[in-house]
There are 2 protein chains.
Amino acid sequence: MALEHAILVSLLEKPGSGYELARRFERSIGYFWTATHQQIYRVLKRMEGDGWVTVREVPQQGRPDKKEYSVPALGRAALSQWLHEPIEPESVRHDLAVKIRGAAFDDPAALIREVERHYQVHTDRLAHYLAGERRDFTGPEAPALPDDVGRELQHVVLRGGIAYERMTLAWLDDVLATLHRLRAER
Amino acid sequence: MALEHAILVSLLEKPGSGYELARRFERSIGYFWTATHQQIYRVLKRMEGDGWVTVREVPQQGRPDKKEYSVPALGRAALSQWLHEPIEPESVRHDLAVKIRGAAFDDPAALIREVERHYQVHTDRLAHYLAGERRDFTGPEAPALPDDVGRELQHVVLRGGIAYERMTLAWLDDVLATLHRLRAER
DNA sequence: CTTGTCTATGCAACGAGTTGCATAGAAAGA
DNA sequence: TCTTTCTATGCAACTCGTTGCATAGACAAG
């Protein structure tokens, strides 16, 4: 399971509360991992029990107090160990592909709208990633810090997200062209 | 949940047993969906109870008897209904990306072997998909059938798998170059 | 003044998915 | 002959992940 390790990485990059983690999982970490706040709170509890994270109560004004988590040596060691274990390459699960093959037993043209909707979502995601890249890495406003390892690695992961969205958009174009052709031939 | 619908699509393309479905999920359907035989047997039981599939006992020689499943009108209707419902675009979960960002807190160069291993797996998958494409769609040996809708749709899904593997290989190249550069700079 | 949104945490129930194990006959290779 | 592999199905136990609900104060918009 990698959720624990994704949390360790995120907390090492910057300590924070379960709530903050949940929001990070909607943004930058969401490029390659998703999790709901329920999952995060539950896993944080377990990790606390295992000594992988430590908690500090932080009182706040104008909003509820929060529990700020950070990573002690034991957590770092757990991450380190996992990094040295081989993992299985991902297997994809793509509902839309199931629908496309299923459309052979229904009306393929009825899928066009759905595919267009997905196209829009991926267009938005790509724009969001590119904005993040300009802001943090390539733009004139990007902090001109000395190249550090963490920054380089974050950038290469972001480039992966960008490549994924571009590939997906090109494929959805192919899908749309195919669906239009099938409709015309009928 | 799309496993039920993936099974309906597969059984509509060709009726078969739970065992045969499990093997299809390792091959062609595995481009976009994975499932173990346990999951498939359990879901088939439930689908049988719901009247989405019907069973026929098929005695065999030299091997155990099997239960061949096929899809009656009720199952077709269930698939049809699902096809007309909108679905959420996928969210990715990529363990390797977690590792790459995590490597900032360990030794990035130690990841090189792991990334190379993934590169090999994706190279093999791409070769496998391309062989399937030549065999079934583009090669001289491909059955010269009249273009039918199901075939076209299967092909466009396969092209998606091919595009995914090519994109992944290009990204892994980028990752390797980054890791080598970081090692050289150190 | 009420409704909605944001921060912040959490429980309970359910469904999805994995892992280990079991059975059992046939065929193939060491 | 023994071990392994393939076909074929299934149970039990477990972990992972989602959905619905609950609390509660602060703030903004209508």
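Throughout, protein chains are lettered first and strands after them, A, B, ... in sequence-line order, and every chain is numbered starting at 1.
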**Message:** Measure OH/A/Y41 against P/C/dT7 and give the value in whole Å, please.
**Reply:** 11 Å
**Prompt:** Is the phosphate of C/dT7, meaning OP1 or OP2, less than 4.0 Å from a side-chain N or O of A/S17?
**Reply:** no
**Prompt:** Hey, any chance A/L176 and B/V156 share a hydrophobic cluster, counting ILVMFWY side chains that come within less than 4.5 Å of each other, even indirectly?
**Reply:** yes
**Item:** B/V175: which of B/I112, B/V115, B/L111, B/L96 passes side-chain contact (heavy atoms from CB on, under 4.5 Å)
**Value:** B/V115
**Message:** What does the B/S/- profile of nucleotides 14-24 of chain D look like, 5' to 3', with a 4.0 Å heavy-atom cutoff to protein?
**Reply:** --SBBBBB---
**Fill in**
A/K67 NZ to C/dA8 C1', in whole Å, measures 10 Å
**Message:** In whole Å, I'd like the distance from the CZ atom of A/R56 to the P atom of C/dT9.
**Reply:** 13 Å
**Request:** Compute the bend angle of the helix from C/dC1-D/dG30 to C/dA30-D/dT1 from the end axes (five pairs per end), rounded to 10°.
**Result:** 30°
**Pairwise side chain to side chain donor-acceptor pair (under 3.5 Å) hits with a residue in residues 155-169 of chain B, at least two apart** = A/D174-B/R159, A/T178-B/R159, B/H122-B/E165, B/E133-B/H155, B/H155-B/R159
**Qualifying residues under salt bridge (Lys or Arg N to Asp or Glu O under 4.0 Å), relative to A/E114, sequence neighbours excluded** = A/K99, A/R117
**Prompt:** Do any pairs count as a salt bridge (charged side-chain N to carboxylate O under 4.0 Å, His left out) and have a residue in residues 28-37 of chain A, sequence neighbours left out, and if so which ones?
**Reply:** none
**Message:** Among residues 18-27 of chain A, which ones have heavy-atom contacts with DNA chain C below 4.0 Å?
**Reply:** A/G18, A/Y19, A/R23
**Asked** What pairs of residues pass the side chain to side chain donor-acceptor pair (under 3.5 Å) test when at least one of them lies in residues 47-58 of chain A, not counting sequence neighbours?
**Response** A/R56-A/E68
**Message:** According to salt bridge (charged side-chain N to carboxylate O under 4.0 Å, His left out), does anything in residues 82-97 of chain B pair up with another residue at least two apart or in another chain? List the pairs.
**Reply:** none
**Fill in**
Residues pairing under salt bridge (charged side-chain N to carboxylate O under 4.0 Å, His left out) where one sits in residues 4-14 of chain B, two or more places apart or in two chains, turn out to be A/R101-B/E13, B/E4-B/R46
**Request:** Whole angstrom is fine here: how far is it from CZ in B/R63 over to P in D/dT9?
**Result:** 11 Å
**Request:** Round to a whole Å and report the spacing from OH of B/Y69 to P of D/dA8.
**Result:** 13 Å
**Asked** Would one find a side-chain N or O of A/Q60 under 4.0 angstrom from OP1 or OP2 of C/dT7?
**Response** no
**Residues clustering with B/Y41 (ILVMFWY side chains joined when closer than 4.5 Å, directly or via others)** = B/Y19
**Contact under 4.0 Å: B/K45 side-chain N or O vs D/dT9 OP1/OP2** = no
**Prompt:** Mind checking what makes salt bridge (Lys or Arg N to Asp or Glu O under 4.0 Å) contact with A/K67, not counting sequence neighbours?
**Reply:** none
**Prompt:** Rounded to the nearest Å, what distance is computed from the CG atom of residue A/L44 to the P atom of nucleotide C/dA8?
**Reply:** 14 Å
**Request:** Could I get the full list of side chain to side chain donor-acceptor pair (under 3.5 Å) partners for A/R183, not counting sequence neighbours?
**Result:** A/H180
**Request:** Starting from P on D/dA8, measure out to CD1 on B/I40 and report it in whole angstrom.
**Result:** 14 Å
